[in-house]
Colleague: 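Take this structure first; my questions come after.
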Amino acid sequence: MRTGVVSANNGPHGNYSPTTDKCAGCHRTHTATQGNLLKGNTIADLCFSCHGSGGPGANTNVVDGRLEPSGMPLNGGGFVNFQGSPTTSRHTYDGSQHPAWGSDTPWSSYSGCQGCHGPWYQQWPGAPTFYPGPGNQPGQMAGAGNVQMPVTCVSCHDAHGARSYRLLTNRVMADVIEYQDPTLPGYVQVVSNEVGGLNPDQTGYVPNYTERRYRDGITSWCASCHYLYQQRQSDPAVPFDAADGLGAQIRYRHSITVTLSSQGLTTSLPLQQPSGYSVTQQPTDKVACITCHYAHGSNVRMIGYAANVAPTNDSALLRMDNRGVCEDCHKK
Amino acid sequence: MKHRWIIVLALVLTLVAVWAMATPWGTPPTALADNGPHGGYTNTTDACSGCHRTHTAVGPHLLKSTSSYALCISCHNGAGANTDVVDGLWQGTAGLSLKGGGFTYATMNVGFTGAVSTTTSSQHKVIGMSGYTNDTVWGIGAIGSGAGSMLALECITCHDPHGKAGTGGVATYRILRASPPVAGIGPAITVPDVTAKNYVITGTVNAYTTTVGAYYGVQYPTGNDTDTNNSNITTISSWCATCHTRIHVSTAGSGGTNSGDAFYGYRHNTGGSNVSNVYTNGAPACFTCHVVHGTTASMGTNSSTVPEPGTAEGGGTYLDSSLLRVNNRGACEICHNK
């Protein structure tokens, strides 16, 4: 028997009453064991105390990638296990330093010095600390491997509620390519085709953790860290080092946020559906990061060529074994 | 009785081990046309990663190399495939020459004094080669459309690295595209694939000799075709003509009939399938006289001053060895015996 089930922007994660007791779910005013007056040893420990194996406090068991008690696989995959087997790649969640592949650097043409020191950066709730690594030079993007981020759960999710799908933080690094609120630099709202998914912070929102109903904003949100992966080759046409042994070079990238139908392709993979949810592929359905990748962790396997792709040489959070995600669309 | 079962079991295990070593499961994967990385993909193929990088590619088409040539020769230089097109050699059996010659070196008997490996004197140059510049596709287009037009040629202009390159998605010989992505080309030509793939000059080692049955290497494909009746080599000529449209002609007597074109008026009939050394056996095919990748043939006083189409005699702009199989105009003399 579990304790009360909680939901995004509800329970401990928002919509607090003037006399809420939710603060005590996570914080200790005078006896906290970690920063931000949190209880538990680490942020992940605290989150997993509800969202852990067996779902001790929430249906969403992100450790094993299961919706409890049914065991249906979560949309985001799992951190430690998924679909009954150990994960082969995962987003870092323990706060250790890890490269944000394709990340921008403070020397980019857009952010410049302001990338670290600008006022918008300090406004970013839960922002991780950036540590520009060696080799950063003006006019050259250091790129993957040179921007280390100590990522925890709250780097991505705002535990106190947000206007985005899955409590994703609303303020990200600027210069994203879609669905920006022009009044707020770096503002992205990730919305879904779930019931009430256009306003996930409002009454009437019904999250669906096992059916993929992406609508808009998710690519821009991912690109807030994996900045270069959402850009076209020529924008900006400066070299960056992808930590693949080839050094600083101009890079070509797969198109993202293009409609699949415009390319004459079909897929069984999830797409962003800006015109609303449909079981069948619509002309307006677009490729997004989540078309190919899980957010939390993947259990797919890499062999042969696919097992030797720098810089990670792992399964890169992909949804299918090897390069099944390529073949699913391109059908070569 | 118990010991007999143990012996039987040991024999079975030994046979399984031997069989495994003798089959593809016991050996490293070999890349073959419409197989390996070049087709026959499963729903969870890993082959894409052999050539492409989704977010960090350094070449167009999301390639992991800066050009398709650089990528192709990362395997086809002998390092990852037996077909070493750089050196024109089959690396599976050292020293055997590829039918297509080679891009940088080729081992050819161009002077009938024995096969030697030397630097090529002409190549189908492609983007990514040192010093590459766009070149003219001689004879492309309809009658009266000029000498030719400039083209940025790549390996993937002729070959489809994903296989299924024929009309309707059928496999083709050497994964040749039925419709190369070139403006102004002729109709699609599907060159049928062959079951028994034979990449090397057969007969006398590194032949390219005047001996019947060894000049072209003959067996395209291995089967019923002969030196003088080889329907598939005729199809390849039609494929060459999708780009070199006005150079190819299949009409008897074309050498005495003006086509009406300003640059390609009277032309040798190339619509036959004669790969022997006797001209009375019929008209040749493109491959009777030319290799496709690169040749080591050298040109003498006269053959080195043949003007490029559209330029005047003695004007200083001359053709090179034009991928010919033998020195000078040996390709003429072998058959015509003048």
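Naming: A, B, ... by sequence-line order, numbering from 1 per chain.
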Colleague: Are the side chains of L246(A) and V58(B) in touch, meaning some heavy atoms are under 4.5 Å apart?
Modeller: yes
Colleague: Does atom OH of Y105(B) have more than 12 heavy-atom neighbours from other groups under 6.0 Å away?
Modeller: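 Atom OH in Y105(B) is not crowded, with 12 or fewer foreign heavy atoms closer than 6.0 Å.
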Colleague: What's the spacing between C48(B) SG and Y305(A) OH if we round to 0.5 Å?
Modeller: 11.5 Å
Colleague: Quick one: CZ on R53(B) to CZ on R251(A), what's the gap to the nearest 0.5 Å?
Modeller: 10.0 Å
Colleague: Check the side chains of R323(A) and S49(B) for a donor-acceptor pair under 3.5 angstrom, ignoring hydrogens and angles.
Modeller: yes
Colleague: Would you give the length of the straight line joining atom NZ of K332(A) to atom NE2 of H38(B), rounded to the nearest 0.5 angstrom?
Modeller: 13.5 Å
Colleague: For N322(A) versus T44(B), what's the shortest heavy-atom pair and its separation?
Modeller: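 Heavy-atom minimum between the residues: ND2-O, 2.8 Å.
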Colleague: Give, as side chain, backbone, both or neither, the part of D244(A) having an atom under 4.5 angstrom from any heavy atom of chain B.
Modeller: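 For D244(A), the side chain is the part near chain B, not the backbone.
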Colleague: Between K164(B) and K331(A), what is the shortest heavy-atom contact and its length?
Modeller: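 Reported closest heavy-atom pair: NZ-O, 3.8 Å.
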Colleague: Look up atom CG in N43(B) and atom CD in E327(A), then write down how far apart they are to the nearest 0.5 Å.
Modeller: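 Those atoms lie 6.5 Å apart.
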Colleague: Counting only heavy atoms not in R301(A), do more than 12 sit closer than 6.0 Å to its CZ atom?
Modeller: no
Colleague: Pick out which of W101(A), Y229(A), Y252(A) makes a side-chain contact (heavy atoms from CB on, under 4.5 Å) with T56(B).
Modeller: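 When W101(A), Y229(A), Y252(A) are each tested with T56(B), the side-chain contact (heavy atoms from CB on, under 4.5 Å) holds only for Y229(A).
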Colleague: At a heavy-atom separation under 4.5 Å, does T42(B) approach chain A through its side chain, its backbone, both, or neither?
Modeller: backbone
Colleague: Evaluate the criterion side-chain contact (heavy atoms from CB on, under 4.5 Å) for residue pair Q249(A) and T66(B); output intermediate values, then yes/no.
Modeller: CA-CA 10 Å; Q249(A) 298 206 36; T66(B) 52; 3.7 Å; yes
Colleague: With a 4.5 Å limit on heavy-atom distance, are the side chains of T54(B) and R253(A) in contact?
Modeller: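 Sidechains of R253(A) and T54(B): no contact.
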Colleague: I'd like to check M302(A) versus D46(B) (side-chain heavy atoms, cut-off strictly below 4.5 Å). Are they in contact?
Modeller: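 Heavy-atom side-chain distance check fails, nothing below 4.5 Å.
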